[in-house]
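Chain naming here is simple, since letters A, B, ... match the order of the sequence lines and numbering starts at 1 in each.
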Number of protein chains: 2
Amino acid sequence: MIPAPQVPQFSPLYRQIASLITQGLQAGEWKPGEAIPNEFDLAARYKVSQGTVRKAIDELAASNLLVRRQGKGTYVATHAEQTTQFRFLRLAPDPAPGATQPAPHEPLSRRFLDCRRQRAPAAVAHAIGLAGGEAALQVRRLLYFRGRPVVLDEIWLPAALFEGLTSTRLSAYQGPMYALFESEFGVRMVRAEEQIRAVAAEAGVAELLNVAPGAPLLSVERVAYTYGDRPVELRRGLYDTATHHYRNQLG
Amino acid sequence: MIPAPQVPQFSPLYRQIASLITQGLQAGEWKPGEAIPNEFDLAARYKVSQGTVRKAIDELAASNLLVRRQGKGTYVATHAEQTTQFRFLRLAPDPAPGATQPAPHEPLSRRFLDCRRQRAPAAVAHAIGLAGGEAALQVRRLLYFRGRPVVLDEIWLPAALFEGLTSTRLSAYQGPMYALFESEFGVRMVRAEEQIRAVAAEAGVAELLNVAPGAPLLSVERVAYTYGDRPVELRRGLYDTATHHYRNQLG
DNA sequence: TAGTGGTCTAGACCACCAA
DNA sequence: TGGTGGTCTAGACCACTAC
């Protein structure tokens, strides 16, 4: 007889508070960039001590939902910030030969190729939680560093969450796509999982990225999640790594 | 006039305690796998409250130097553990088509090709902190999943730290290389940085990995650090991603 | 100077593990 | 049952920011 899985029922107070705060974020009670109430006010509201609220906020700050600023307050994290800009795009320019300092981030520009309402292939629909037949949006875009194309992205989104998203609207917005998602559609990307492979460039792709057909490219497949671990984006990026690399920290 | 950089002098007590504990780890006072003293004993030793020790340990556990086990004690982390096994090797088998569960980790075997004492190229010497002319060890090995070669690693180490490391000794050891390093040479890898690119397989590499010449491979360049952020390994891995992928979490 | 987050303490009690 | 880490509280004080 297989023993029933021992599900630990116990959940400490601070985790319950963290969950309540997350619900407030999800419900839009506090918007990205805004400050949440101070620790004592939250403690009074939830009828716990300040230390417990503090530990709850610690957790949320550790998972990048909140940002603490000593002396000022605790703020809702946003993708519309310089410092958070490259949290999800891990591509960096190669260091110049002999350089001791890592190369700084280069100016980046975006070009949107198309944005179509379309039936998603089964694998895609499954990944972003679409029931049979629900519509999806497919966006394709190029990223340029120093005027050269380096990344080709193909992005799938549930159409229901992004009604009114068009190529022109994407092009008009200056700044990261995820910042537009959170300000215009109330969808905030919280975490993502990536699968990385090396592939050979197909003809059409090669032309867009200005590389030889068959050239090795990095394939980066990402599923991005919003609050409550709901998957809301599938993205396949093809990176030309001739002058750039994907950087990663192992802890 | 450029303002002098404002160096924050203030360091909270718990960080000083964390630093003292780290020194103990570095000095080998507590060995990988062993338990450190309980929180009250440490508090008495450092003349602070248990809460402060606790916060210090929290930090060290967060950076994977220590492992807490409720009801048992706090232990020095080790690479010789199943759970930590794949913390630095981020290669996972592709899920079977239509599978809902991610594929489990596959049995892995290692084959060492050679281990030579050798002058390191300048770039390598610089990366692992070798002064001019100091000797290095170069190790090459293959990793097999299900009997098939998937990874070719070329590894550079400072010879001074690994006196007596030979191909036969590497082959004799069952388990991760980093576990051997920590138990036999007292060098514990704490964190690493990786740069990932897509490259085309050269002839010799292609043969070893059993792929066509020119096939796209993942190039994973790693610098691994021990205590005190000292770089002690440079590793270049070539991964065949036909049936596997490099997985990454973005938080 | 007022308000916010950050640190430190002391003590009570709870959850988990092993013997 | 005893020992360990884990939680929660209450209060004092420190460091940083803005006005």
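Atom CG in A:N38 sits roughly 17 Å away from atom P in C:dA2 (whole-Å rounding). As a whole-Å value, the separation of B:Q50 CD from D:dC8 P is 15 Å. One atom, CG of B:D58, and another, P of D:dG5, lie 12 Å apart when rounded to the nearest Å. Atoms CD (A:Q16) and C1' (C:dC14) sit 14 Å apart, rounded to a whole Å. What separates CD1 of A:I57 from P of C:dT7 is a distance of 14 Å, to the nearest Å. If you take CZ of B:F40 and C1' of C:dC13, they are 12 Å apart, rounded to a whole angstrom. If you measure from atom OH of B:Y46 to atom C1' of C:dT9, you get 19 Å, rounded to the nearest angstrom. In this structure, A:Q70 places its CD atom 6 Å from P of D:dC16, rounding to the nearest Å.
Nearest to the side-chain atoms of A:E39 among the listed nucleotides D:dT7, D:dG5, C:dG6 stands C:dG6. Distances were taken from every side-chain heavy atom of B:R54 (C-beta onward) to each of D:dC8, D:dG6, C:dG5; the shortest belongs to D:dG6. Side-chain proximity of B:S49 to the nucleotides C:dC8, C:dT4, D:dT9 is greatest for C:dC8. Taking only side-chain atoms of A:T52, from C-beta outward, the nucleotide of C:dT4, C:dT9, D:dC8 with the closest atom is D:dC8. Nearest nucleotide to the A:R68 side chain, out of D:dG6, C:dC8, C:dG6: C:dG6.
Comment: B:R191 engages B:E193 in a salt bridge, judged by a side-chain N to carboxylate O separation of less than 4.0 angstrom. Using a cut-off of 4.0 Å between Lys/Arg side-chain N and Asp/Glu carboxylate O, A:R15 and A:E59 are scored as salt-bridged. Look at A:R90 and A:E194 and you find no salt bridge, because none of the NZ, NE, NH1 or NH2 atoms lies under 4.0 Å from a carboxylate O.
Neither OP1 nor OP2 of C:dC17 sits under 4.0 Å from any side-chain N or O of B:R69. A sub-4.0 Å separation between OP1 or OP2 of D:dC8 and a side-chain N or O of A:K55 is absent. Proximity of B:T74 to the phosphate of D:dG5: a side-chain N or O atom is located under 4.0 Å from OP1 or OP2.
Residues A:F112 and A:V139 have side chains in contact (heavy-atom distance under 4.5 Å, counting atoms from C-beta outward).
Nucleotides of DNA chain D nearest to A:P12 and A:K72 differ in position, and the one nearer the 5' end is that of A:P12.
Side-chain atoms of A:Y144 and A:R111 include a donor-acceptor pair closer than 3.5 Å.
B:Y14 comes within 4.0 angstrom of sugar-phosphate atoms only, judged by non-hydrogen atoms across all strands, and of no base.
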